[in-house]
Each structure stands twice: as C-alpha cells, then as structure tokens.
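These notes concern the structure reproduced below.
One-based numbering, in listed order, for ligands and for the atoms of each.
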Amino acid sequence: MISVRNVHRYYGDKHVLKDVSFDVHPGMMTGFVGGNGAGKTTAMRIILGVLAAQSGQVLVDGAPITADQRAAIGYMPEERGLYPKMKVIDQLVYLARLHGLEAADARSHALDLLERLQLKGDPTDTLESLSLGNQQRVQIAAALVHRPAALILDEPFSGLDPESVDATVQVLREYAAAGAPVLFSSHQLDVVERLCDRLIIIREGEIRAMGTRAELLEAATTNEWEMETGSDTGWVRAAGVEVLEYDGGYARFRAADVAAANRVLADALGRGSVTVFRRVTRSLHEIYKEMTK
Ligand SMILES: Nc1ncnc2c1ncn2[C@@H]1O[C@H](COP(=O)(O)OP(=O)(O)OP(=O)(O)O)[C@@H](O)[C@H]1O
C-alpha cells in the first residue's frame with residue numbers, strides 16, 4: 001500500500017497541499033478527483049519523487065518509499081513526455097529495456113499492450129503522426145510497458161472516446177486485479193464513479209473526502225424523507241417531524257431516525273394511499289459538488 005502522510009507543499013508562499021494524507025490500496029483502482037489547481041498533479045509528483053514535499057512522508061507498506069520502489073511505479077505524467085518523432089514501438093521497447101526487460105519480451109509486451117489498448121495505427125508510425133487519442137493510448141502503454149509494481153496516471157482518460165476509455169479501463173483493471181495499487185486523476189466524475197473502487201476528493205490542497213463509493217454515499221445520507229400521497233399531507237406538521245416542504249399530497253420532512261419516519265408512513269397509510277415514500281439521498285455528483293464548491 002502506498003501512503004501519503006501529512007504532506008505540505010508550498011510554491012513560494014502559496015500553500016498548495018495542506019496536510020494531505022491518503023492511501024492507495026493494492027488491488028484497487030483509486031480515483032483522485034478535484035477541480036483545476038486542486039493539487040492532484042502536485043501530490044502525484046511527490047509520490048513519484050519528481051517533486052519534494054516541504055514536510056510529510058510517502059510510505060510503502062508503512063516504511064519510507066525507496067528509490068527502487070519509485071522506479072517501479074508506472075507513471076503517465078500530465079505533460080505526457082514521449083518523443084514525437086520516434087516510432088511508437090521503438091520508444092516503448094526502449095522504455096521497457098531501461099527497466100530491465102529483455103528485447104524480445106519488451107517488444108512482444110509492447111505490441112500486446114498496443115493491441116489491447118486498441119491503437120488505431122501502425123506500431124512503426126511516429127508518435128506525432130497519430131491522432132491525439134491514439135497518442136494518448138501510446139502514453140498509457142508507456143506507463144505499463146515495464147510491468148510496473150504500481151501505477152500513477154495523471155488524467156489518463158482525457159481525450160479518449162468512450163470505447164477507448166473502456167479498453168483502457170480493462171487493461172488497468174487487470175493490473176489492479178494482479179495486486180498493483182492504481183491511482184489516477186480525473187476531472188470527469190462520471191468516469192471516475194464508473195471505474196474506481198475508491199475515491200479521493202481534493203479541493204484547494206485539502207482532502208475533503210475519501211472512501212469507497214458506498215462509504216461516501218453512506219456518509220452523505222440525510223435524514224430527509226419524501227412522501228407522495230393520494231390526499232392532502234397537511235397533517236404531517238403535527239406528526240413530530242420537521243416539515244421542509246409541503247404541497248398538497250407531497251411532503252418533504254426531516255425525521256430524527258428511521259423509526260420516526262416510519263411512524264409518518266404508518267400514519268399516511270392509515271389515511272389513504274401512499275405512492276412514494278423514500279429517503280432523500282445524494283448522488284456522488286452532488287456530494288462532489290458540495291465538497292469542491
Ligand atoms: N511550478 C509551479 N509553480 C507555482 N505554482 C504551481 C506550480 N505547479 C503548480 N502550481 C500551483 O499549485 C496548485 C496545484 O496545482 P496542480 O497542478 O497540482 O493541480 P491539479 O489538481 O493537478 O490541477 P489540474 O487538474 O488543472 O491539472 C495550483 O494552484 C497551481 O497553480
């Protein structure tokens with residue numbers, strides 16, 4: 001497990017990471033979400049060691065991360081970083097060889113990745129001759145080609161069409177399933193919600209929430225209920241709950257607990273038909289908006 005602990009980072013006097021702590025669990029896809037400038041790239045670069053924190057630590061299984069462990073992380077930087085004029089296959093083989101893969105293994109693994117990531121183009125094409133979406137696939141392949149022990153990907157899905165997102169996710173999931181921790185950043189909450197096992201929400205350098213999707217939804221559960229009945233709901237005011245909205249057969253109220261809400265339901269059923277009775281829940285989108293506003 002990769003752990004970031006109490007990290008602070010300043011640029012001049014701008015405090016861009018404020019006591020940031022989170023874990024990236026092995027075998028899981030962790031989505032790192034937040035708006036522009038929230039601090040995602042800075043935090044990722046600190047894990048990689050390409051940027052230093054002013055204080056705090058990066059740990060692997062509880063011990064300070066080593067240079068070898070950092071070198072074994074597959075990283076897709078935001079600014080990308082492959083050679084535009086070099087053939088796709090040549091640079092992937094080169095990168096894999098730098099990490100110690102044998103030439104034949106490097107080549108077959110690179111070709112296999114390009115196929116699974118559905119590169120539309122020839123592996124002998126230069127990077128710059130490919131469309132942006134295809135260049136993106138090559139960048140993802142570059143992060144994976146040396147069979148990394150962990151993956152950190154900065155906005156890996158930006159610029160990919162839905163089909164390519166699915167193909168990429170499939171490949172990343174296989175890595176995670178084999179036990180690697182996978183951290184990826186995104187602005188696109190819908191993509192993150194669909195893909196990741198855990199989420200970390202960051203705003204202005206502060207971690208606002210983290211956990212599985214179910215944990216975040218549970219933590220944001222309200223004590224509000226909605227009810228629609230066949231007749232006027234004016235009586236709810238006297239039912240021992242706080243009425244928030246009332247309009248004919250519709251009422252929204254806050255109850256202290258489930259039992260109090262159920263007493264309202266029983267009362268309503270005694271008075272006639274109930275067509276809707278539900279706890280008001282928030283979507284991940286609403287939670288995200290609230291955490292990042
Ligand atoms: N080299 C730098 N010098 C000064 N300020 C910087 C530098 N790099 C980043 N920052 C500032 O640090 C803050 C965090 O930036 P960072 O790139 O980590 O955010 P992000 O969440 O990755 O954003 P985005 O999604 O836009 O890439 C921003 O306010 C940014 O302007």
Side-chain angles (χ1 to χ4, degrees), residues 2-25 28-59 65 70 73-82 132-133 135-140 142-143 148 150-162 164-165 168-169 172 181-211 213 216 284-293:
I2 299 173
S3 306
V4 172
R5 286 289 172 271
N6 308 107
V7 162
H8 289 267
R9 169 76 207 191
Y10 294 82
Y11 283 111
D13 53 12
K14 192 168 176 194
H15 199 177
V16 300
L17 291 180
K18 302 168 187 164
D19 203 29
V20 163
S21 297
F22 61 83
D23 296 320
V24 190
H25 295 256
M28 289 196 183
M29 304 259 291
T30 300
F32 199 12
V33 287
N36 286 121
K40 304 179 294 294
T41 300
T42 304
M44 288 176 152
R45 297 182 77 195
I46 286 171
I47 296 176
L48 265 300
V50 292
L51 192 69
Q54 269 91 7
S55 62
Q57 281 187 299
V58 179
L59 309 171
I65 190 167
R70 279 185 158 135
I73 298 176
Y75 178 43
M76 179 181 175
E78 189 179 38
E79 64 276 13
R80 307 315 181 210
L82 296 175
L132 285 179
Q135 291 190 24
Q136 180 91 336
R137 288 168 227 229
V138 178
Q139 301 282 354
I140 294 167
L151 275 173
I152 296 186
L153 309 164
D154 207 344
E155 295 281 350
F157 304 111
S158 69
L160 291 184
D161 57 37
S164 314
V165 170
T168 306
V169 166
L172 298 182
V182 178
L183 177 69
F184 66 94
S185 67
S186 184
H187 300 97
Q188 299 158 273
L189 188 70
D190 51 336
V191 174
V192 174
E193 181 172 15
R194 196 158 55 83
L195 309 182
C196 67
D197 304 303
R198 293 175 58 83
L199 283 109
I200 301 166
I201 300 177
I202 185 168
R203 176 182 180 267
E204 290 179 6
E206 282 180 66
I207 303 295
R208 301 301 307 268
M210 60 185 152
R213 185 173 172 277
L216 293 185
L284 208 53
H285 224 94
E286 288 167 313
I287 295 169
Y288 174 72
K289 266 172 64 183
E290 218 163 89
M291 298 283 181
T292 56
K293 77 181 168 202

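One option in Gly12, Gly37, Ala38, Ser158 has a heavy atom closer to atom 24 (P) of ligand 1 than any other, and that option is Gly37. For atom 13 (C) of ligand 1, the nearest non-hydrogen atom from the set Leu51, Ile202, Val16, Thr42 comes from Val16.
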Stepwise side-chain hydrogen bond (donor to acceptor under 3.5 Å, both in side chains) test for Thr292 and Arg208: CA-CA 8 Å; Thr292 56; Arg208 301 301 307 268; over 6 Å; no
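For Arg45, the heavy-atom gap to ligand 1 stays at 4.0 angstrom or more. Put simply, part of His187 is less than 4.0 Å from ligand 1, judged by heavy atoms. Within the 4.0 Å heavy-atom shell around ligand 1 one finds Gly39.
At the top of the distance list for atom 26 (O) of ligand 1, counting protein heavy atoms only, stands Asn36 ND2, 2.8 Å. Nearest protein heavy-atom contact of atom 17 (O) of ligand 1 is Thr41 CB, 3.6 Å. Of all protein heavy atoms, the one lying nearest to atom 29 (O) of ligand 1 is Lys14 NZ, 2.8 Å. Here the heavy atom of the protein found nearest to atom 1 (N) of ligand 1 is Tyr11 CE2, 3.6 Å. Protein heavy atom closest to atom 25 (O) of ligand 1, with residue, atom name and distance, is Lys40 NZ, 2.9 Å.
For the side-chain contact (heavy atoms from CB on, under 4.5 Å) test with Ile73, the passing option among Leu151, Leu48, Leu183 is Leu48; the others fail. Under the side-chain contact (heavy atoms from CB on, under 4.5 Å) test applied with Leu17, the options Ile207, Val7, Asn6, Val4 reduce to a single match, Val7.
Panel note: side chain Ser186, backbone Val33; no donor-acceptor pair is recorded below 3.5 Å. Gln136 places no side-chain N or O within donor-acceptor distance of the main-chain N or O of Leu160, the cut-off being under 3.5 Å.
With rounding to the nearest 0.5 Å, the separation of CD1 in Ile202 from CE in Met210 is 10.5 Å.
Taking every non-hydrogen atom of Glu78 and a distance limit under 4.0 Å, the qualifying atoms of ligand 1 come out as 24 (P), 27 (O).
Residues passing the salt bridge (charged side-chain N to carboxylate O under 4.0 Å, His left out) test with Arg70, sequence neighbours excluded: none.
A 4.5 Å side-chain heavy-atom check between Leu199 and Leu216 finds at least one atom pair inside the cut-off.
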